[in-house]
S.K.: 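Can you keep this structure in mind? I'll have questions shortly.
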Amino acid sequence: MKPIIYQLFPRLFTNSCDHCVPGGTIKQNGSGKMNDITMPVLKKLKDLGATHVWFTGVIRHATKTHYRDIPDCNPHIVKGNAGSPYAITDYYDIDPDIAVRVKYRMKEFEQLVQRTHEAGLKALIDFVPNHVARQYHSIAKPHDVDDLGESDNKDLAFSPTNNFYYMPGEQFAPGIYLGQGADFYYEKPAMATGNDCFHPYPSKNDWYETVKLNYGVDYATGERHFSPIPSTWHKMLDILLFWAQKGIDGFRCDMAHMVPVEFWNWAIPQVKERHPHIAFIAELYDTAIYRDYIFRGHFDYLYDKVSLYDTLRAVTCGTASAAAITGCWQAVEGMGDHMLNFLENHDEQRIASPQFAGNALKAVPALVVSATISRAPFMIYQGQELGEPALDAEGFSGQDGRTTIFDYWSIPTLRRWYHGGKCDTARLSQGERQLRRFYKKLLRLCNSEKAIASGEFYDLMYANRNSMNCDKIYAYYRHLGQERLLIIANFGDHEESIGLCTPAHALHTMHMLPGTYHARELLTSHDLTLNISADAPLCLTIAPRSAMIIKLM
């Protein structure tokens, strides 16, 4: 089965507040709850075509909201009122914002995982291995586990037995306001900031709310101290095993390339030995180390951001040729099944935002290519299927084309779809309903058509340099046994009439004889008759900003 991952933030996904105040508190703007993600909601995601749900931001992180019996965070080192879900304050706890009964927040999470499985879906959560919140302190850890930093020698800048990096004698002094009097945030010795900032003066653009974890690498000398196994390795493995025992099906590992591959080589096999079904997905942005993190690091999947995503975005926006897509699959040849393809996630600008395409329909060809070019998993982000444009200036985030991860907020398109748990299209616009139907059709095809889910890929671009507009058209076959799909995407703003050449090698590879084929275009269910041979081009017309998935009968 080809994994189709639906990413959602429980804090945002079911929040029905329709009068959110920029920079508002949880009392003003509300928060979605895990209990709101009911069986009917999950079944709707399953019906959309999802196989997995990535519940983002469920582990307790820094926030400005006060909860009884939970340590408060200094507000000056929290981004936004809700805080970053990647500034973890307790690896063994659940975010209280998304619980109906805060005291029973772990039980509510366990019930969410159980519901997810009963709906026929698999559950993913984040693992944040590179950094934690500056005021990390676990109140939920098992009694036999030492807290991160508990035994650190803070007089040493680096020690392989420390969990953090220190600047002895220096006080944390970032380029942000730290308060005054009893409100002042004081940290001495200063600790290294999460984005490898090894001095006490991070700027407001750094990850100043986080501290970097020490995996045994002395960044001052470049020396790596991995024997004996560093303390941090053991503690992070314990955290992975803790959540694996909760019944989850995988981890999306934040900024995995900032953690030594040797750790993953050591930890992932140990998790999989006890929980063989667990999948590991790496957020990773350096193509030069893809192979290392797959074959040494044992990751199942890696983000294909800097290759396929960046190229599809550029082609969609008219700043690159569609022919450049060929280089994307070539760059990951032999690793293609290990890529995770997407057009949106919480870090990227929304397709429909003015900063990207301005209209979700303009990215239909990119969407089809990303979802069908390989057997690799495909991911969509909450509200993407409704064309969410992210036009709000929510508070800390500002109007940046992204849906905030730092603020208490609701998502307008999802709010109208969720509709108090009804999960229907009654309050959606005609365009939003049309787009969601398209996503449903495409995502379900990814697994109903075995040639997409399990088949081989044949790029047609090399044979069509002179027969079609390769700046705007991308074409390829997916095939498995007697099942063959011809997929054509038009990234241009004009209708294109093409004469598509199918080389003899392609026919031989797919065990096809030249001749007349009955066919069906699967996205529209239109029937076609096609004459396919190596001697004459196949004449087709394709509408602007569209794609065709043609199944040969």
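Note that these values count all heavy atoms, side chains included, but never hydrogens, waters or copies made by symmetry.
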S.K.: Where do R427 and R416 come nearest, in terms of heavy atoms and distance?
M.R.: O-NH1, 3.2 Å
S.K.: So, do T541 and S497 sit near enough that their side-chain heavy atoms are less than 4.5 Å apart?
M.R.: yes
S.K.: Hey, does the side chain of T56 reach the backbone of I125 with a donor-acceptor pair shorter than 3.5 angstrom?
M.R.: no
S.K.: Please identify each residue that fulfils ring pair (Phe, Tyr, Trp, His ring centres under 6.0 Å) with F295, with sequence neighbours left out.
M.R.: none
S.K.: Under the ring-ring contact (aromatic ring centres under 6.0 Å, His included) definition, can you give me all pairs with a residue in residues 455-482, not counting sequence neighbours?
M.R.: W329-F457, F457-Y476, Y458-H505, Y474-Y476
S.K.: If you take all heavy atoms of D300 and I278, which pair is closest and at what distance?
M.R.: OD2-O, 3.9 Å
S.K.: As an exercise, state the distance from NZ of K551 to CG of L528, rounded to the nearest 0.5 Å.
M.R.: 14.0 Å
S.K.: Check this for me: K46, atom NZ, are more than 12 non-hydrogen atoms of other residues, nucleotides or ligands nearer than 6.0 Å?
M.R.: yes
S.K.: When you look at E449 and R478, which way does the salt bridge (charged side-chain N to carboxylate O under 4.0 Å, His left out) test go after all the steps?
M.R.: CA-CA 10 Å; E449 294 298 325; R478 294 296 310 281; over 6 Å; no
S.K.: Are the side chain of R296 and the backbone N or O of N265 linked by a donor-acceptor pair below 3.5 Å?
M.R.: no
S.K.: Any side-chain heavy atom of L552 within less than 4.5 Å of one from M512?
M.R.: yes
S.K.: Using only atom types and a distance under 3.5 Å, with no angle test, would you say the side chain of R433 pairs donor to acceptor with the backbone of L428?
M.R.: yes
S.K.: Only counting residues at least two apart or in another chain, list the ones meeting salt bridge (charged side-chain N to carboxylate O under 4.0 Å, His left out) with E348.
M.R.: none
S.K.: Considering residues at least two apart in sequence or located in another chain, which fulfil the salt bridge (charged side-chain N to carboxylate O under 4.0 Å, His left out) criterion with K422?
M.R.: none
S.K.: With sequence neighbours excluded, tell me which residues meet ring pair (Phe, Tyr, Trp, His ring centres under 6.0 Å) with H131.
M.R.: W207
S.K.: Checking N130 side chain against M255 main chain: does a donor-acceptor pair fall under 3.5 Å?
M.R.: no
S.K.: Taking the side chain from S429 and the backbone from E432, do they hold a donor-acceptor pair closer than 3.5 Å?
M.R.: yes
S.K.: Closer than 3.5 angstrom, by distance alone: can the side chain of E495 be matched with the main-chain N or O of P544 as a donor-acceptor pair?
M.R.: no
S.K.: With sequence neighbours left out, what residues match F356 under ring pair (Phe, Tyr, Trp, His ring centres under 6.0 Å)?
M.R.: none
S.K.: Quick check for you: to the nearest 0.5 Å, what is the distance between H526 atom NE2 and I550 atom CD1?
M.R.: 12.0 Å
S.K.: Measure the spacing between CZ of F13 and OG of S410 and express it to the nearest 0.5 Å.
M.R.: 13.0 Å
S.K.: Could you tell me whether the side chain of P365 reaches within less than 4.5 Å of the side chain of N490, counting heavy atoms only?
M.R.: no
S.K.: Go through the structure and list residues passing ring pair (Phe, Tyr, Trp, His ring centres under 6.0 Å) with F55, not counting sequence neighbours.
M.R.: none
S.K.: Please enumerate all residues that pass side chain to side chain contact (heavy atoms under 4.5 Å, CB included) together with K2, with sequence neighbours excluded.
M.R.: I4, F378, C446, N447, I452, A453
S.K.: Go through the structure and list residues passing side chain to side chain contact (heavy atoms under 4.5 Å, CB included) with A320, not counting sequence neighbours.
M.R.: A314, V315
S.K.: Indicate, with yes or no, if the rings of W243 and F109 have centres closer together than 6.0 Å.
M.R.: yes
S.K.: For the atom pair CD (Q7) and NE2 (H52), what is the distance rounded to the nearest 0.5 Å?
M.R.: 14.0 Å
S.K.: Between CE of M236 and SG of C253, what distance do you get to the nearest 0.5 Å?
M.R.: 9.5 Å
S.K.: So, do I59 and P85 sit near enough that their side-chain heavy atoms are less than 4.5 Å apart?
M.R.: no
S.K.: Does the side chain of D304 reach to within under 4.5 Å of the side chain of L340, using non-hydrogen atoms?
M.R.: no
S.K.: Does NZ in K272 sit with more than 12 non-hydrogen atoms of other residues, nucleotides or ligands closer than 6.0 Å?
M.R.: yes
S.K.: So, the side chain of D249 versus the backbone of A123: is there a donor-acceptor pair under 3.5 Å, distance only?
M.R.: yes
S.K.: Scan L361, L435, L343, I351 and name whichever one has a side chain to side chain contact (heavy atoms under 4.5 Å, CB included) with L367.
M.R.: L343
S.K.: Inspect the contact between R415 and D18 and indicate whether a charged nitrogen and a carboxylate oxygen are less than 4.0 angstrom apart.
M.R.: no
S.K.: Testing the 3.5 Å rule here: is there a donor-acceptor pair between the side chains of D471 and S321?
M.R.: yes
S.K.: If I compare all heavy atoms of A322 with all of I473, which pair ends up nearest, and what's the gap?
M.R.: CB-O, 3.7 Å
S.K.: Using modelled atom types and a 3.5 Å cut-off, is there a donor and acceptor pairing between side-chain atoms of S31 and backbone atoms of D97?
M.R.: yes
S.K.: Would you call V271 and I268 a side-chain contact if the rule is heavy atoms closer than 4.5 Å?
M.R.: no
S.K.: Determine whether a donor-acceptor pair (N or O, by modelled atom type, separation under 3.5 Å) exists between the side chain of E394 and the backbone of D407.
M.R.: no
S.K.: With a 6.0 Å cut-off (strictly less than), is the heavy-atom count around CZ of R274, excluding the residue itself, greater than 12?
M.R.: no
S.K.: Which ring-ring contact (aromatic ring centres under 6.0 Å, His included) pairs, counting each pair once, include a residue from residues 409-435, with sequence neighbours left out?
M.R.: none
S.K.: Let's go through E496 and K472 carefully: what are the C-alpha distance in whole Å and the side-chain angles of both, what is the deciding distance for salt bridge (charged side-chain N to carboxylate O under 4.0 Å, His left out) to 0.1 Å, and is it a yes or a no?
M.R.: CA-CA 9 Å; E496 292 278 351; K472 301 300 180 185; over 6 Å; no
S.K.: How about H277: does its NE2 atom have over 12 heavy atoms from other parts shown lying under 6.0 Å from it?
M.R.: yes
S.K.: Hey, would you say the Y303 and F342 ring centroids sit under 6.0 Å apart?
M.R.: yes
S.K.: For K440, enumerate each residue passing the salt bridge (charged side-chain N to carboxylate O under 4.0 Å, His left out) test, keeping only those at least two apart in sequence or located in another chain.
M.R.: D47
S.K.: Would you kindly say whether E118 and Q114 are connected by a side-chain donor-acceptor distance under 3.5 Å?
M.R.: yes
S.K.: My understanding is that only residues two or more places apart in sequence, or in another chain, count here; which of them pass salt bridge (charged side-chain N to carboxylate O under 4.0 Å, His left out) with R520?
M.R.: D527
S.K.: Of all the heavy-atom pairs spanning Y309 and Q349, show the shortest one and how long it is.
M.R.: OH-O, 4.4 Å
S.K.: Testing the basics here: between I98 and E108, what is the closest heavy-atom pair and its distance to 0.1 Å?
M.R.: O-OE1, 4.2 Å
S.K.: Less than 4.5 Å apart, any side-chain heavy atom of R115 and any of L42?
M.R.: yes
S.K.: Any side-chain heavy atom of M553 within less than 4.5 Å of one from Y517?
M.R.: no
S.K.: Could you tell me the separation between the OG1 atom of T14 and the CG atom of L414, rounded to the nearest 0.5 Å?
M.R.: 9.5 Å
S.K.: Please report whether the ring centroid of Y86 lies less than 6.0 Å from that of H346.
M.R.: yes
S.K.: Does the D126 side chain pair with the main chain of V128, one donor and one acceptor, at a distance under 3.5 Å?
M.R.: no
S.K.: Looking only at side chains, do S467 and N464 share a donor and an acceptor under 3.5 Å apart?
M.R.: yes
S.K.: Search all heavy atoms of L237 against all heavy atoms of A267 and return the closest pair with its distance.
M.R.: CD1-O, 3.9 Å
